[in-house]
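FYI, side chains are in, hydrogens and waters are out, and symmetry mates aren't considered; it's all heavy atoms of this structure.
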Amino acid sequence: MKLRLKRIKELFGYAAKLLREDGPAAMLRRAAGFFGRRLFLRRARYLPAKKVLAVQRSEARAAGGSWPLISVCVPLYNTPPRFLAALLDSMIAQTSPWWQLCLADASDAGQDALGQLVAKKATEAENRLPHQDAPRILYARIENKGISANTNAAAALADGEYLALADHDDVLAPHAVYTLQKEILATGAAFLYSDEALFKTSIRRPTVGHFKPDYAPEYLLCCNYICHLAAFLRSEFEAVGGERGELDGAQDHDLFFRLLERIPPQKIRHIPQVLYYWRLHQGSTSGGVGAKPYVSAAARAAIAGHLTRTGRAGEVVDGLFPSTYRVVWPLEEQNGPLVSVLIPNKDHVDDLRACLEGLYKHTDYRNFEVIVVENNSADPATFAFYESLPAAYPGCRVVRWPGEGFNFSAINNFGRRQAKGEYLLLLNNDVTPITPGWLGEMLRQAMQPGVAVCGAMLWYPDDTVQHAGIITGLGGFAGHSHKYHKRGGSGYMFRLATVQDLSAVTAACMLVRAACFDEVGGLDEGYAVAFNDVDFCLQLRQKGWRVVFTPYAELYHHESKSRGLDEKDKAKKQRFSGEQQRLVARFGREALTRDPYYNPSLTLDREDFSESADLRNLRGC
């Protein structure tokens with residue numbers, strides 16, 4: 001009873017806070033979203049409505065064989081018959097008839113029940129492809145040579161232009177094949193993958209959904225986020241030699257690397273719909289790699305092989321959590337590139353002192369210079385402190401920005417003109433390092449081919465997330481990934497614990513190639529306070545550069561958690577609104593709300609990766 005009363009008190013307190021800070025309209029909108037999610041999670045249906053499925057069936061059958069045939073390849077090994085029956089039923093229920101199911105059965109001798117089940121289901125179903133003299137369900141008994149060899153044996157049965165991989169105990173959504181084919185017809189994709197959900201008994205009651213980003217190569221180095229459902233050209237599968245037995249345990253991760261090394265990014269498509277249901281049961285890797293401990297060693301080998309083939313050098317080690325990995329890129333600590341650290345400052349001597357103390361005492365990478373950009377300080381103690389800097393902190397100097405007022409972009413652009421480094425670190429004066437290797441880690445990431453910017457993990461002093469990357473569209477414009485998440489967690493799909501591609505990172509601690517900074521003309525001075533970092537990163541991405549975030553560079557950001565726009569200050573409110581509109585005018589509302597590294601099935605109302613209350617995208621309708 002006491003716990004329940006405490007919870008009720010907390011909820012009323014939260015509602016009062018929303019009312020005070022956001023107003024009644026925003027409070028009601030959030031409440032509707034919250035209760036909508038609760039209802040949605042209870043019903044938990046990611047499936048299209050029956051009338052939508054009926055329309056799909058009519059359209060697919062009317063295509064008359066012009067759609068690409070997709071062969072779903074499944075190795076069987078002592079599969080529980082009820083699991084196989086569920087898989088077979090899910091294939092027979094597909095809204096598109098242009099599919100094959102290729103089953104290679106390596107079960108132990110005497111296990112004949114599976115073959116009998118397949119024959120029964122094939123007899124009950126229409127087991128011929130429309131307009132083609134080929135069976136829809138193919139079954140072969142084979143010698144057990146491991147998961148990779150068995151998968152290759154299933155693929156050898158296939159007639160399809162495309163192959164898709166499925167596990168023997170899982171289930172496909174009824175619109176899976178249809179949706180893949182429509183995407184292929186629209187884009188000519190050579191490699192496709194979808195979202196997935198985990199379930200125990202019924203796909204109508206999934207336990208959790210995995211809503212993935214679009215193709216993210218740095219993220220894939222850290223975990224196999226692609227998983228299921230993946231489909232690809234059979235010709236590409238054959239060109240790379242199929243799956244490799246020496247990588248059993250991470251054979252799909254390895255296969256994806258080898259395929260994606262050949263396929264251009266524009267031919268890689270992510271379908272943000274749940275097309276695959278991954279069964280949770282004892283022994284399944286969907287419940288974690290503890291059931292199959294050899295997975296970790298195989299995954300490290302798969303990643304290392306990819307690095308070797310692509311000419312990159314790096315040590316592959318286990319990550320912060322099981323099923324995650326880390327590539328430690330080489331860096332010459334003594335002869336690495338010069339980093340120019342730009343720190344804007346106006347008074348706040350205590351903050352600046354703590355920042356510099358941390359920078360000089362708790363930073364392993366030493367080849368840096370520090371440029372404090374003085375911005376209209378008024379306290380004489382500030383200038384006295386400036387006088388002491390060169391002696392106390394070698395390589396530190398102060399330059400005076402000639403402007404008036406406050407313009408974060410202009411201040412940093414001025415500091416850049418004084419900088420000598422090949423890399424620039426934009427750093428707020430209230431940020432202090434936690435891990436000594438933070439700067440070296442950021443530099444390792446920023447030096448990778450195609451990467452222009454690296455952002456860090458920033459914590460509030462109470463060890464909750466202040467910044468773990470920026471997602472555009474949150475709150476209508478942009479927000480911080482996992483904000484206020486407690487330290488020690490892995491985040492959504494390990495996204496707090498892995499190096500990954502993002503659309504933007506905060507300029508409170510941002511490392512950027514100086515040449516890239518200059519390529520876009522520095523920070524846009526039309527953004528005096530807000531969104532300058534978002535605009536900067538998006539401009540670089542438009543030019544083909546990538547932005548990454550690393551959780552291995554940790555710092556405290558002493559910004560107050562209660563800091564926000566002063567609603568009573570009309571000038572600040574007007575300035576902030578103008579900067580919002582400037583961002584929309586440059587990139588467009590639709591582009592901002594469709595961040596490629598954030599799934600459209602996730603909410604834009606909060607920064608916690610919770611599911612959207614709008615089910616249309618989840619259901620594919």
Side-chain angles (χ1 to χ4, degrees), residues 333-334 336-401 406 408-443 446 454-461 463 466-467 505-512 514 517 523 533 550 552-560 563:
E333 295 278 355
Q334 303 302 319
L338 177 66
V339 177
S340 295
V341 183
L342 309 181
I343 308 176
N345 187 71
K346 178 179 180 180
D347 295 317
H348 290 277
V349 167
D350 290 341
D351 285 339
L352 180 59
R353 180 183 289 109
C355 178
L356 293 173
E357 285 287 324
L359 181 61
Y360 278 83
K361 290 184 177 180
H362 303 293
T363 304
D364 289 343
Y365 187 80
R366 305 304 299 179
N367 191 18
F368 62 82
E369 63 171 358
V370 177
I371 300 171
V372 177
V373 187
E374 155 57 26
N375 167 37
N376 297 296
S377 293
D379 189 346
T382 302
F383 297 95
F385 181 64
Y386 288 161
E387 293 293 330
S388 69
L389 295 187
Y393 306 108
C396 178
R397 66 186 191 277
V398 179
V399 299
R400 180 171 296 190
W401 177 57
F406 179 80
F408 183 85
S409 299
I411 292 168
N412 277 285
N413 290 343
F414 177 76
R416 187 276 170 270
R417 293 193 288 272
Q418 323 303 316
K420 302 174 184 177
E422 186 179 345
Y423 288 82
L424 309 174
L425 178 73
L426 279 58
L427 188 68
N428 280 16
N429 65 353
D430 58 349
V431 172
T432 56
I434 299 173
T435 53
W438 68 278
L439 182 55
E441 166 64 12
M442 294 182 74
L443 189 56
C454 180
M457 172 72 81
L458 302 183
W459 301 99
Y460 284 115
D463 285 326
Q466 191 272 336
H467 169 268
V505 294
T506 180
C509 183
M510 172 196 289
L511 187 68
V512 56
F517 190 91
L523 301 179
D533 40 17
T550 176
Y552 298 101
E554 297 184 85
L555 304 95
Y556 280 123
H557 190 179
H558 298 276
E559 175 188 69
S560 172
R563 178 184 173 187

Engineer: Over 60° means perpendicular and under 30° means parallel, so tell me whether Tyr360 and Tyr393 are parallel, tilted or perpendicular.
Structural biologist: tilted
Engineer: Side chains of Val339 and Leu511: does their closest heavy-atom pair fall under 4.5 Å?
Structural biologist: yes
Engineer: Indicate yes or no: at least one non-hydrogen side-chain atom of Thr506 is less than 4.5 angstrom from one of Leu458.
Structural biologist: yes
Engineer: Kindly determine whether His557 and Asp430 satisfy side-chain hydrogen bond (donor to acceptor under 3.5 Å, both in side chains), including the steps that lead there.
Structural biologist: CA-CA 6 Å; His557 190 179; Asp430 58 349; 3.1 Å; yes
Engineer: CG/Asn345 to CD1/Ile371 distance, rounded to the nearest 0.5 angstrom?
Structural biologist: 14.0 Å
Engineer: Which residues satisfy the ring-ring contact (aromatic ring centres under 6.0 Å, His included) test with Tyr552, sequence neighbours excluded?
Structural biologist: none
Engineer: Of the non-hydrogen atoms in Gly421 and Glu369, which two are nearest, and what is the gap between them?
Structural biologist: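 That would be N-OE2, 3.8 Å.
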Engineer: Run the side-chain hydrogen bond (donor to acceptor under 3.5 Å, both in side chains) test against Lys361 and tell me which residues pass, sequence neighbours left out.
Structural biologist: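 Lys361 satisfies side-chain hydrogen bond (donor to acceptor under 3.5 Å, both in side chains) with Glu357 once adjacent residues are dropped.
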Engineer: Would you say that Leu443 contacts Glu441 through its side chain, given a criterion of any heavy-atom pair below 4.5 Å between the two side chains?
Structural biologist: no
Engineer: Is any NZ, NE, NH1 or NH2 atom of the basic residue among Lys346 and Glu374 found under 4.0 Å from an Asp or Glu carboxylate oxygen of the other?
Structural biologist: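 Not counted as a salt bridge, because no side-chain N and carboxylate O are separated by less than 4.0 Å.
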Engineer: Restricting to ring-ring contact (aromatic ring centres under 6.0 Å, His included), what partner residues turn up for Phe406, sequence neighbours left out?
Structural biologist: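 Phe406 satisfies ring-ring contact (aromatic ring centres under 6.0 Å, His included) with no residue once adjacent residues are dropped.
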Engineer: Please find the pair of heavy atoms, one from Cys355 and one from Leu427, that lie closest to each other, and give the distance.
Structural biologist: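 Looks like SG-CD2, 3.8 Å.
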Engineer: A side-chain contact here means heavy atoms from C-beta on lying under 4.5 Å apart; do Leu359 and Val370 qualify?
Structural biologist: yes
Engineer: Looking at every heavy atom in both Val372 and Leu352, which two are closest together, and how far apart are they?
Structural biologist: CG1-CD2, 4.1 Å
Engineer: For Ala514, which residues count as a side-chain contact (heavy atoms from CB on, under 4.5 Å) partner, sequence neighbours excluded?
Structural biologist: Arg416, Leu424
Engineer: Please list, chain by chain and in numerical order, all residues satisfying ring-ring contact (aromatic ring centres under 6.0 Å, His included) with Tyr423, sequence neighbours excluded.
Structural biologist: none
Engineer: With side chains defined as the heavy atoms from C-beta onward, is the minimum distance between Cys509 and Leu426 less than 4.5 Å?
Structural biologist: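 Sidechains of Leu426 and Cys509: no contact.
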Engineer: If I compare all heavy atoms of Gly415 with all of Leu342, which pair ends up nearest, and what's the gap?
Structural biologist: O-CD2, 3.7 Å
Engineer: Which heavy atom in Ala507 sits nearest to a heavy atom in Asn428, and how many Å separate them?
Structural biologist: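 Answer, listing the atom of Ala507 first, then Asn428: O-OD1, 4.0 Å.
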Engineer: Arg397 versus Leu389: any side-chain heavy-atom pair under 4.5 Å?
Structural biologist: no
Engineer: Restricting to non-hydrogen atoms, name the atom on Lys420 and the atom on Ser340 that form the minimum distance, rounded to 0.1 Å.
Structural biologist: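 What the structure gives for the nearest pair is N-OG, 3.4 Å.
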Engineer: Under the ring-ring contact (aromatic ring centres under 6.0 Å, His included) test, which residues partner Tyr386, sequence neighbours left out?
Structural biologist: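 Expected list: Phe383.
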Engineer: Check the side chains of Asn429 and Asp351 for a donor-acceptor pair under 3.5 angstrom, ignoring hydrogens and angles.
Structural biologist: no
Engineer: Is the shortest side-chain heavy-atom distance between Asn412 and Pro344 below 4.5 Å?
Structural biologist: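 Yes, close enough: below the 4.5 Å cut-off.
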Engineer: Could you tell me if the side chain of His467 sits less than 4.5 Å from the side chain of Val505, heavy atoms only?
Structural biologist: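 When only atoms from C-beta onward are counted, His467 and Val505 do touch, with a gap below 4.5 Å.
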Engineer: Assess the side chains of Glu554 and Trp459: does a donor N or O sit below 3.5 Å from an acceptor N or O?
Structural biologist: yes
Engineer: If you measure from OG1 on Thr382 to CG on Asn375, what distance do you get to the nearest 0.5 Å?
Structural biologist: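 CG of Asn375 is found 11.5 Å from OG1 of Thr382.
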